[in-house]
Amino acid sequence: MKKLSFYLIAFLMVPAFLFTGCKEEEEDSSFDVLKTHLVANNLDIDAMLDGWITPASAVVDTSDFSIPGYYVVDIREVADYTTGHIKGAVPSTLGTILASAAVATDPILVVCYTGQSAAHAVIALRLSGYADAKVLKWGMAGWNADFSGKWTANSGADNGAIGEGHANWTYPMDVTASAEFGYPTIDVVSTDGETMLVERVAAMLVGGFQNVPSADVLATPGDYFINNFWDETDVEHYGHITGAYRIKPLTIAGDEIANLDPSATVVTYCWTGQTSSMVTAYLTVLGYTAKSLK
């Protein structure tokens, strides 16, 4: 009788075990939980790229070249800040941008050398509740021509226009059609979307400004998953890096995000490196290995 009871219990446990196992497999992954939280709270990529940048000409007070109505945070090196900065600007870093923002009473305007690393900071801010945070377009180079050195040093005019005539610049062929790859696995301790996002934003800031020199990508484009973040007409007119995709729009809600390869280094490029820095920072939060074309 005891033996029969044992087998009966074992028999009843088998479907329970299988049911539990299936339930665990069907539970949403961390990426799915984070994705759902971002979309539900209007934190998708397109929302991040809505009104995220402003030129100095639209906000500066020409009487003293201050920027009234904004809490200006300057994330350049201390030595450069000391040499010259916008009146009233607060010195900070990319890594400490959230601490600096905590005392702000006005909308936050982030300033760097060229508007590129500031874009990483603004993604962190917007994903952390500062929905009206903005980048100063062109950074200090756009505020005063005396600070344009960092910009021109990386422009085509000053580095020989390395794309012109390069074997890996393709014209006028269409960019490569993309496939659906799925999603990355994100490294988080939390199990709910809100705290996952806090973790991932912190990880992005610790990682710093993620960029790659254009010469490296042009030399070996096959080493990267490249996304040309231009409009189609611009690609048709100007060409693109060999093997590049053109995934735009790029959103979570529309699931275009699944067209990025999570096993590769995803390089995004735009016109100036400012928009691509925004996209790169966001992708880093999502768990991609992402770089902005410098």
Side-chain angles (χ1 to χ4, degrees), residues 38 41-62 64-77 80-81 84-145 147-148 150-151 197 201-202 204-205 208-211 229 248-251 268-285 290 292 294:
L38 290 166
N41 289 277
N42 194 32
L43 297 173
D44 207 338
I45 301 176
D46 54 349
M48 297 298 99
L49 296 177
D50 182 14
W52 62 276
I53 193 167
T54 185
S57 59
V59 293
V60 72
D61 182 344
T62 55
D64 63 357
F65 295 100
S66 63
I67 300 182
Y70 285 92
Y71 185 75
V72 182
V73 182
D74 190 325
I75 62 171
R76 294 176 300 150
E77 296 289 336
D80 294 310
Y81 173 87
H85 58 267
I86 297 169
K87 182 179 179 180
V90 176
S92 185
T93 65
L94 177 58
T96 59
I97 189 68
L98 294 181
S100 298
V103 298
T105 56
D106 290 318
I108 299 168
L109 184 65
V110 185
V111 181
C112 64
Y113 297 102
T114 65
Q116 295 177 81
S117 57
H120 269 48
V122 166
I123 284 293
L125 290 168
R126 289 193 160 205
L127 289 177
S128 300
Y130 302 92
D132 53 3
K134 295 179 185 290
V135 172
L136 183 66
K137 191 174 184 179
W138 315 116
M140 288 296 287
W143 180 72
N144 188 320
F147 295 92
S148 62
K150 293 280 187 178
W151 176 262
L197 181 56
V201 168
M204 183 270 285
L205 291 175
F209 176 40
Q210 295 298 313
N211 66 93
F229 211 67
K248 185 184 181 185
L250 178 64
T251 66
T268 305
Y269 71 95
C270 63
W271 293 103
T272 66
Q274 296 171 102
T275 306
S276 62
S277 177
M278 292 281 285
V279 174
T280 295
Y282 194 97
L283 293 179
T284 302
V285 170
S292 178
K294 193 172 182 180

Shortest non-hydrogen pair, Cys270 vs Thr275, comes out as SG-N, 3.7 Å
d(Leu136 CG, Ile86 CD1) to nearest 0.5 Å is 5.5 Å
Nearest heavy-atom contact between Val122 and Ala133 is CG1-O, 3.7 Å
Problem - Worked check of side-chain contact (heavy atoms from CB on, under 4.5 Å) between Thr272 and Trp138 - result: CA-CA 9 Å; Thr272 66; Trp138 315 116; 3.3 Å; yes
Of all heavy-atom pairs linking Ala119 and Gln274, the shortest is CB-O, 3.5 Å
Could you check whether any side-chain N or O of Tyr130 sits under 3.5 Å from a backbone N or O of Ile123, counting only pairs where one atom can act as donor and the other as acceptor? no
When rounded to the nearest 0.5 Å, the distance separating CD1 of Ile75 from OG of Ser117 is 4.0 Å
Donor-acceptor contacts under 3.5 Å from residues 46-56 side chains, at least two apart:
none

Distance col, row Phe209:CZ vs Thr284:OG1, nearest 0.5 angstrom, shows 10.5 Å
Note to self: Would you say NZ of Lys248 has more than 12 non-hydrogen atoms from neighbouring residues, nucleotides or ligands within 6.0 angstrom?
What the structure shows: yes
- Would a 4.5 Å heavy-atom cut-off, applied to side chains only, mark Leu127 and Tyr282 as touching? yes
Which atom pairs, one a donor and one an acceptor, fall under 3.5 Å between side chains of residues 97-115 and the rest of the protein, sequence neighbours left out?
| from | atom 1 | to | atom 2 | distance (Å) |
| --- | --- | --- | --- | --- |
| Ser100 | OG | Ser92 | OG | 2.6 |
| Ser100 | OG | Thr96 | O | 3.4 |
| Tyr113 | OH | Glu77 | N | 3.1 |
| Tyr113 | OH | Asp80 | OD2 | 2.4 |
| Thr114 | OG1 | Gln116 | NE2 | 2.8 |

Determine whether Trp271 and Phe229 satisfy the following criterion, side-chain contact (heavy atoms from CB on, under 4.5 Å), listing intermediate values before the conclusion.
CA-CA 8 Å; Trp271 293 103; Phe229 211 67; over 6 Å; no
When rounded to the nearest 0.5 Å, the distance separating CE of Met140 from NZ of Lys150 is 12.5 Å
Is any side-chain heavy atom of Tyr70 closer than 4.5 Å to one of Lys134?
yes
Distance col, row Ile45:CD1 vs Thr251:OG1, nearest 0.5 angstrom, shows 7.0 Å
For Ser277 and His120, the nearest pair of non-hydrogen atoms, with its separation, is OG-ND1, 2.7 Å
Check: Angle class for the Phe147/Trp143 ring planes (parallel below 30°, perpendicular above 60°, tilted otherwise)?
Finding: tilted
**Message:** Determine whether a donor-acceptor pair (N or O, by modelled atom type, separation under 3.5 Å) exists between the side chain of Asp74 and the backbone of Arg76.
**Reply:** yes
**Message:** Are Leu250 and Val279 packed together at the side-chain level, in the sense that at least one heavy-atom pair is separated by less than 4.5 angstrom?
**Reply:** yes
Across all chains, not counting sequence neighbours, the side-chain hydrogen bond (donor to acceptor under 3.5 Å, both in side chains) partners of Ser276 are Ser292
